[in-house]
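Notes follow once the structure below has been shown.
Residue numbers start at 1 and run along the sequence shown.
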Amino acid sequence: QVQLVESGGGLVQPGGSLRLSCAASGTMLNIDSMGWYRQAPGKQRELVAAISSLGSRTNYADSVKGRFTISRDTAKNTMYLQMNSLKSEDTAVYYCNAYVAWGPRNYWGQGTQVTVSS
C-alpha cells in the first residue's frame, strides 16, 4: 500500500506564501505522475498542478499559473507545491494524488487546509 501525507497548510494573509509537501511511503512506491488537487466549500475538486514521473513535465490550472510551482524529489518520494501571491480564492483543502500505472491505481492523501484571509 501507498500512503500519502500532506503538510504545510495553514492560515496566511493575501499575498503571502506557503509550501505544501506530500510524502509517500509504503511498500508500493512505483509512482508515476503526481498532482495537487483542491476543493473549496460548495465546489468540485479540481486539479491545481500535475507533474510527470521525473518532473520533466508540469501542468497548471489557469487560475494558478505564474503563482504556484510544483516539483518533486523522486529519491525522497516527496512532492511539493510552492504557493506565492496567495489569494482568498485559493482557500481550500489541498489533496495530494499519486498515480501508479501498475494496476492502475490512484492514491489520495487526507488533505491539508489552506486558508487565505486577512
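Residues satisfying the side-chain contact (heavy atoms from CB on, under 4.5 Å) test with Ser71, not counting sequence neighbours, are Tyr80. Partners of Ser7 by side chain to side chain donor-acceptor pair (under 3.5 Å), not counting sequence neighbours: none found. Checked against side-chain contact (heavy atoms from CB on, under 4.5 Å), Thr115 has the following partners two or more places apart in sequence or in another chain: Leu11, Thr91, Gln113, Ser117. For Thr58, the side-chain contact (heavy atoms from CB on, under 4.5 Å) partners at least two apart in sequence or on another chain are Ile51, Tyr60, Ile70. For Ser63, the side chain to side chain donor-acceptor pair (under 3.5 Å) partners two or more places apart in sequence, or in a different chain, are Arg38. Taking Lys76 as the reference, Asp73, Thr78 meet the side-chain contact (heavy atoms from CB on, under 4.5 Å) condition, with sequence neighbours excluded.
Ion pairing between Asp90 and Lys87 fails under the 4.0 Å rule for side-chain N and carboxylate O.
Here CH2 of Trp36 is found 8.0 Å from CE of Met83. Values are rounded to the nearest 0.5 Å. Annotation: the span from Tyr107 atom OH to Gln3 atom CD amounts to 10.0 Å, rounded to 0.5 Å. Rounded to the nearest 0.5 Å, atoms CG (Asn97) and CD (Glu6) are 10.0 Å apart.
Hydrophobic clustering (side-chain heavy atoms under 4.5 Å, transitive across Ile, Leu, Val, Met, Phe, Trp, Tyr) keeps Trp102 apart from Tyr99.
Its side chain within the 4.5 Å cluster rule, Val93 clusters with Tyr37, Leu47, Tyr95, Trp108 among the Ile, Leu, Val, Met, Phe, Trp and Tyr residues.
Side-chain atoms of Ser33 never come within 3.5 Å of backbone atoms of Ser52 as a donor-acceptor pair (strictly under, hydrogens ignored).
Shortest non-hydrogen contact noted between Ala98 and Ile31 is CB-CG2, 3.8 Å. Across Gly35 and Met79, no two heavy atoms sit closer than the pair O-CE, 3.3 Å. Nearest approach of Arg72 to Gly55, heavy atoms of both residues: CD-N, 4.1 Å. Considering every non-hydrogen atom in both Leu81 and Ala49, the closest pair reads CD1-CB, 4.3 Å.
The salt bridge (charged side-chain N to carboxylate O under 4.0 Å, His left out) analysis of residues 106-118, with sequence neighbours excluded, yields no pairs.
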Show the atom names and distances, to 0.1 Å, of all donor-acceptor pairs under 3.5 Å that link a side chain in residues 12-24 to residues at least two apart or in another chain.
{"unit_1": "Ser17", "atom_1": "OG", "unit_2": "Asn84", "atom_2": "OD1", "d": "2.9"}

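The environment of Gln110 atom CD is sparse: at most 12 non-hydrogen atoms of other residues, nucleotides or ligands sit within 6.0 angstrom.
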